[in-house]
Protein chains: 2
Amino acid sequence: MAQRRVTLADVAERAGLSTTAASRVLNGREGTRLSEDARQRVLAAAKELGYRPNPAARSLRLNKTATIALISDTVVTTRFAGAMIRGALNAARERDHVVLITETQGDPDIERDAIDAMLHRQVDGVIYAAMSSRRITVPPQLLTLPTVLLNATSNRRLPAVLPAEEEAAYAVTSAVLDRGHRNVAVLGRNEAYERDAHLSLAAKLRMQGIRKALADHGHRLAASEYTEDWDVPGGFDGMTALLRRPNRPTAVICMNDRLAVGAYNAASEAGLSIPADLSVVSFDDDPIAEALRPGLTTAALPHEAMGQLAAELVLDANPEPGIRWVPMPLRERSSVAPPAG
Amino acid sequence: MAQRRVTLADVAERAGLSTTAASRVLNGREGTRLSEDARQRVLAAAKELGYRPNPAARSLRLNKTATIALISDTVVTTRFAGAMIRGALNAARERDHVVLITETQGDPDIERDAIDAMLHRQVDGVIYAAMSSRRITVPPQLLTLPTVLLNATSNRRLPAVLPAEEEAAYAVTSAVLDRGHRNVAVLGRNEAYERDAHLSLAAKLRMQGIRKALADHGHRLAASEYTEDWDVPGGFDGMTALLRRPNRPTAVICMNDRLAVGAYNAASEAGLSIPADLSVVSFDDDPIAEALRPGLTTAALPHEAMGQLAAELVLDANPEPGIRWVPMPLRERSSVAPPAG
DNA sequence: CTGTTAGCGCTTTCAA
DNA sequence: TTGAAAGCGCTAACAG
């Protein structure tokens, strides 16, 4: 077992040629023409022997590794992350590359080490990903090799892949407006997020899309409720407050699905039924959205497509800098109905 | 920019020594003793220059790459997967290794290619992971290098890391028995799973733990309900059936959290309140368990610890074959109360 | 205590 | 149309 690896020399010998010739054939070098006969012999020999070039030797020679790095703050750990990784993996495999994954956990020391390690390993490019979409500062070392931002933007002229939040917000809002709702509230307002792109890109873009849809339909926001965090308790408290207001909304746009879960709970506790008494729409398509009863209509974060695109961009010759907005499909389930009465 | 990498030769020159000497110092070779002075000079030079060995050159020479591969069917994509990856990443980083991730998507062709690619890259070891814990057939090529099974067992004598399902089932069951419940049902029985380890390890082990706890407490299972899949609709239908039985249970053990979500829905629809009218316990600690109201008491799949242990085992000199059972912590929330009356 | 030399497997200049 | 030889950066026999 563990038989000796077959090397280029083996292939050459079997083909009755030099390693030079074998190398040229196998790499499809155009400059120098070998006889068709020689070509075939090399190809045959390589096939019979099951030859595969030694990547270490290759990269020592070429300074290339057929490897890309996926560096993220803590992406890997999110429920959404899997899809991003899968997308990147698929794109990489299609181009015969493999993917090295690192997590920096937001720690600058770990990050520096991680990036250094990747650079020393001579990865051919890096995908620098953020868990939640936001504006980041790109470590300068990354500027020396092909880098693509995933779920993030920066001050640098780099390609970046982001979910088309504004467009999605427009669609989500329209879904509710088109059913005849006029008294529409937003749950999860947070000025800090909306103002600071370093905290969140989604908050601002989603609000813009919502406002634009309302304006285009000739309406305005009936109410909006602050929430410190976009989580279940926040949603519960916020929705409870919203329901206590005079003239309570007939539809609520939640800034994400976890808020929506809280909103569901609050509605249920208030004896309101969804969607009969209250329509709910949201963002993310968290796995939870499907498990809710009734199923939650929400705009899905297109993580797999994003991961895929990011990997493709990294492996592109030289991609244009700038943002790629990846569409967020609207998953229509059962949480929207026309307003009562 | 992109200034020339600093090589061992640079360090040696600066230290006024040969590369051999520098190499020996840097690798802490014991056999040959260098003068303390020389040692210090090399160390200093390396530091000043910011020297890091070229991994490609190193692995060409040593057939080692300081890399481990994480090969999984579709682990990467699961909600749980992130934690496994994170655990493995941390353990690897601590030992100055990096990790290559691949997903086979259950496709044998992709799997063969992926494994081949990893072997050719001379990874130092592989973690072979399954999404849901089950018995698998290990591709023979993997037997030529250190391999650890993660969330899986096999017919081979390999180290394997699994959640301590039986122990957890015992704890989960006891949690309900200790509160005084006597009329306890199981939701999610599935003979096919329980019998066939290639489909699921959890089904059988969980049932064993449940039975043992009941026996030890001098009770027996009041009812058990079949479910084709362990998902939300299955849980809903199963629980609905359970509630229609004469002498309905006061507590239900769900085989996983998604079933429990369905059970919650069914209980709510039947006008039953949890935990006053019905106690619910479960397995997995899916993120959803925390979002439910009331919070679901459940035994957590210890994915991060498992990933970490797997990586440690791979990097161990030669780990004993056999199963490592990783404890599943019981997350006690609010879904359990003494039976009514 | 330290250095010379060979060689890991590959690609590429240069020469034939 | 083909091959010899050098060299990527490193480590390890073998000498001294």
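Convention: sequence-line order gives letters A, B, ...; per-chain numbering from 1. All values below were derived from every heavy atom in this structure, side-chain atoms included, with hydrogens, water molecules and symmetry-related copies excluded.
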Testing the basics here: between B:M84 and B:A130, what is the closest heavy-atom pair and its distance to 0.1 Å? CE-O, 4.1 Å

Rounded to whole Å, please give me the gap between [atom1] in [X] and [atom2] in [N].
{"X": "A:L17", "N": "D:dT2", "atom1": "CG", "atom2": "P", "result": "7 Å"}
{"X": "B:L8", "N": "D:dG7", "atom1": "CG", "atom2": "P", "result": "18 Å"}
{"X": "A:R58", "N": "D:dC10", "atom1": "CZ", "atom2": "P", "result": "21 Å"}
{"X": "B:K64", "N": "D:dG9", "atom1": "NZ", "atom2": "C1'", "result": "18 Å"}
{"X": "B:Q122", "N": "C:dG9", "atom1": "CD", "atom2": "C1'", "result": "10 Å"}
{"X": "A:E13", "N": "D:dG3", "atom1": "CD", "atom2": "C1'", "result": "16 Å"}
{"X": "A:L62", "N": "D:dG7", "atom1": "CG", "atom2": "P", "result": "17 Å"}
{"X": "B:N27", "N": "C:dT2", "atom1": "CG", "atom2": "C1'", "result": "16 Å"}

Who are the side-chain hydrogen bond (donor to acceptor under 3.5 Å, both in side chains) partners of A:D37, not counting sequence neighbours? A:R41

Just jot down the salt bridge (charged side-chain N to carboxylate O under 4.0 Å, His left out) partners of A:R14, sequence neighbours excluded, or say none. A:E48

With sequence neighbours excluded, residues passing salt bridge (charged side-chain N to carboxylate O under 4.0 Å, His left out) with A:R112: A:D109

Sidechain-backbone polar pair: B:H120 side chain, B:D116 backbone, donor-acceptor under 3.5 Å: yes

For the side chain of A:T67 and the backbone of A:T65, is there at least one donor-acceptor N/O pair under 3.5 Å apart? yes

Verify whether one side chain among B:N90 and A:Q105 offers a donor that lies under 3.5 Å from an acceptor in the other. yes

State whether a side-chain donor-acceptor pair under 3.5 Å links B:N54 with A:R121. no

Side chain to side chain contact (heavy atoms under 4.5 Å, CB included) partners for A:N63, two or more places apart: A:Q122

If you pin B:N63 and B:R39 to their nearest nucleotides in DNA chain C, which one's is more 5'? B:R39

Under 4.0 Å from any atom of DNA chain C, heavy atoms only: list the residues of residues 43-54 of chain A that qualify, in numerical order. A:Y51, A:P53, A:N54

Provide a list of protein-nucleic acid N or O atom pairs under 3.5 angstrom, restricted to nucleotides 4-6 of chain C.
residue	atom	partner	partner atom	Å
C:dT4	O4	B:T20	OG1	2.8

NA contact type, B:A56, heavy-atom cut-off 4.0 Å: base, sugar-phosphate, or nothing? nothing

